Amino acid sequence: MKMRAAAWALLGAGRRRFLGACLISASLLMPQLVWAEAEATGWFERLGLPSVAANPLQLDQLGRGLELEAHQRLLDRIAAVGDPASAFVSDGCSGGLSATWQQVAGYWPGFAARYQDRPPFEPCCVTHDRAYHAITGAQSAAQSYEARLQADRQLRHCVQQVGAQDAQDLSRRYGVSPEGLQQAFRRLATTMYYAVRFGGGPCSGQPWRWGFGYSVC
């Protein structure tokens, strides 16, 4: 720990701020650059997917029929096994975001002092995980689908609200303008929303899937 602190100190204040800004920018903005490039190159159209800019609401319901089949399969297996959901556990923000943030903060104490040891929007992810864990008690495939959609929308809204409510404090910590920070959080919220829409369906076998509290699917 002393060696880590010494290494952080040797960087100098200016370099520490630059490194921190780079890490924060990568976490918040890199997914947006990838998404923008996919749209600009026509990647969505080649896969037969609608463009977000053309019709963002259409993406909410993309693959609804196929997903409803997965929701019904999950409910059927839950009913067949009869076991309750496991004890709730959350990894924070999935996809390595919380884990990477904590590792960097643990290695460089100065990073934690400036940027905190966890993403400021992590509580949004924990609330989202809680909904995903036991499918909010849904009793039908349609209810389960709508509950997941609502949980994903609430995640997006929560991340946006963190950026809006804490803009002054976070902008000082991160060294950006309040307006720039809110814009970054809005973009991040949109990226997280579509990530969970496309990657969080039931019965995928992934640890972040809808109904991850049930091992049967």
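None of these values were measured; they are calculated from a predicted model.
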Asker: Please tabulate, for the side chains in residues 74-88, all donor-acceptor contacts under 3.5 angstrom to protein atoms that are two or more places apart in sequence or on a different chain.
Answerer:
from	atom 1	to	atom 2	distance (Å)
Asp76	OD1	Gln72	NE2	2.8
Arg77	NH1	Val216	O	3.4
Ser86	OG	Gly213	O	3.2

Asker: Just so I know, are the side chains of Val89 and Asp129 near enough to count as touching, which here means a heavy-atom distance under 4.5 Å?
Answerer: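 Not touching, per the 4.5 Å side-chain cut-off.
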Asker: Would you name the heavy atoms of Phe185 and Val159 that are closest together and state the gap between them?
Answerer: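 Phe185 and Val159 have their closest heavy atoms at CD2-O, 3.4 Å.
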Asker: Please list all pairs passing the disulfide (SG to SG under 2.5 Å) test where one or both residues lie in residues 139-197, with sequence neighbours left out.
Answerer: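 The answer is Cys124-Cys158.
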Asker: At their closest point, which heavy atom of Ala147 faces which heavy atom of Ile135, and how far apart are they?
Answerer: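 Closest pair (atom of Ala147, atom of Ile135, distance): CB-O, 4.5 Å.
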Asker: For the pair Trp208 (side chain) and Cys93 (backbone), establish whether a donor and an acceptor sit closer than 3.5 Å, ignoring hydrogens and angles.
Answerer: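 No, because the side chain of Trp208 does not come within donor-acceptor range (under 3.5 Å) of the backbone of Cys93.
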Asker: Once side chain to side chain donor-acceptor pair (under 3.5 Å) is applied, what residue pairs with a partner in residues 134-144 remain, sequence neighbours excluded?
Answerer: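 Residue pairs passing side chain to side chain donor-acceptor pair (under 3.5 Å), neighbours aside: His71-Ser144, Ser144-Trp210.
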Asker: Residues in salt bridge (Lys or Arg N to Asp or Glu O under 4.0 Å) with Asp152, at least two apart?
Answerer: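 Residues passing salt bridge (Lys or Arg N to Asp or Glu O under 4.0 Å) with Asp152: Arg148, Arg197.
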Asker: Would you please name every residue forming a side chain to side chain donor-acceptor pair (under 3.5 Å) with Ser171, sequence neighbours left out?
Answerer: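 In terms of side chain to side chain donor-acceptor pair (under 3.5 Å), with neighbours along the sequence ignored, Ser171 is linked to no residue.
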Asker: On a heavy-atom basis, which atom in Pro120 and which in Pro123 lie closest, and how many Å separate them?
Answerer: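 Looks like O-CD, 3.7 Å.
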Asker: Check side chain to side chain contact (heavy atoms under 4.5 Å, CB included) between Gln168 and all other residues, then give those that pass, not counting sequence neighbours.
Answerer: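 Arg172, Pro178.
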Asker: If I take atom CZ from residue Phe212 and atom OG from residue Ser94, how far apart are they, to the nearest 0.5 angstrom?
Answerer: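 Taking CZ in Phe212 and OG in Ser94, the distance rounds to 8.0 Å.
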Asker: Only pairs at least two apart or in different chains count here, so list each disulfide (SG to SG under 2.5 Å) that has a residue in residues 163-215.
Answerer: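 Non-adjacent pairs meeting disulfide (SG to SG under 2.5 Å): Cys203-Cys217.
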Asker: One pair to check against side chain to side chain contact (heavy atoms under 4.5 Å, CB included): Thr127 and Gln154. What are the steps and the verdict?
Answerer: CA-CA 9 Å; Thr127 299; Gln154 288 175 345; 5.5 Å; no
Asker: Charged N to carboxylate O below 4.0 Å: is that the case for Glu146 and Arg64?
Answerer: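 Arg64 and Glu146: salt-bridged.
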Asker: List in chain and number order the residues that pass side chain to side chain donor-acceptor pair (under 3.5 Å) with Asp166, two or more places apart in sequence or in another chain; answer none if no residue qualifies.
Answerer: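 Here no residue qualifies.
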Asker: With sequence neighbours excluded, what pairs up with Ser204 under the side chain to side chain contact (heavy atoms under 4.5 Å, CB included) test?
Answerer: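 Applying side chain to side chain contact (heavy atoms under 4.5 Å, CB included) to Ser204 gives Gln206, Arg209.
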Asker: Do you know the tightest heavy-atom contact between Ala151 and His128?
Answerer: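 What the structure gives for the nearest pair is O-CD2, 3.3 Å.
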Asker: Shortest non-hydrogen contact from Pro202 to Glu67?
Answerer: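 Answer, listing the atom of Pro202 first, then Glu67: CD-CG, 4.2 Å.
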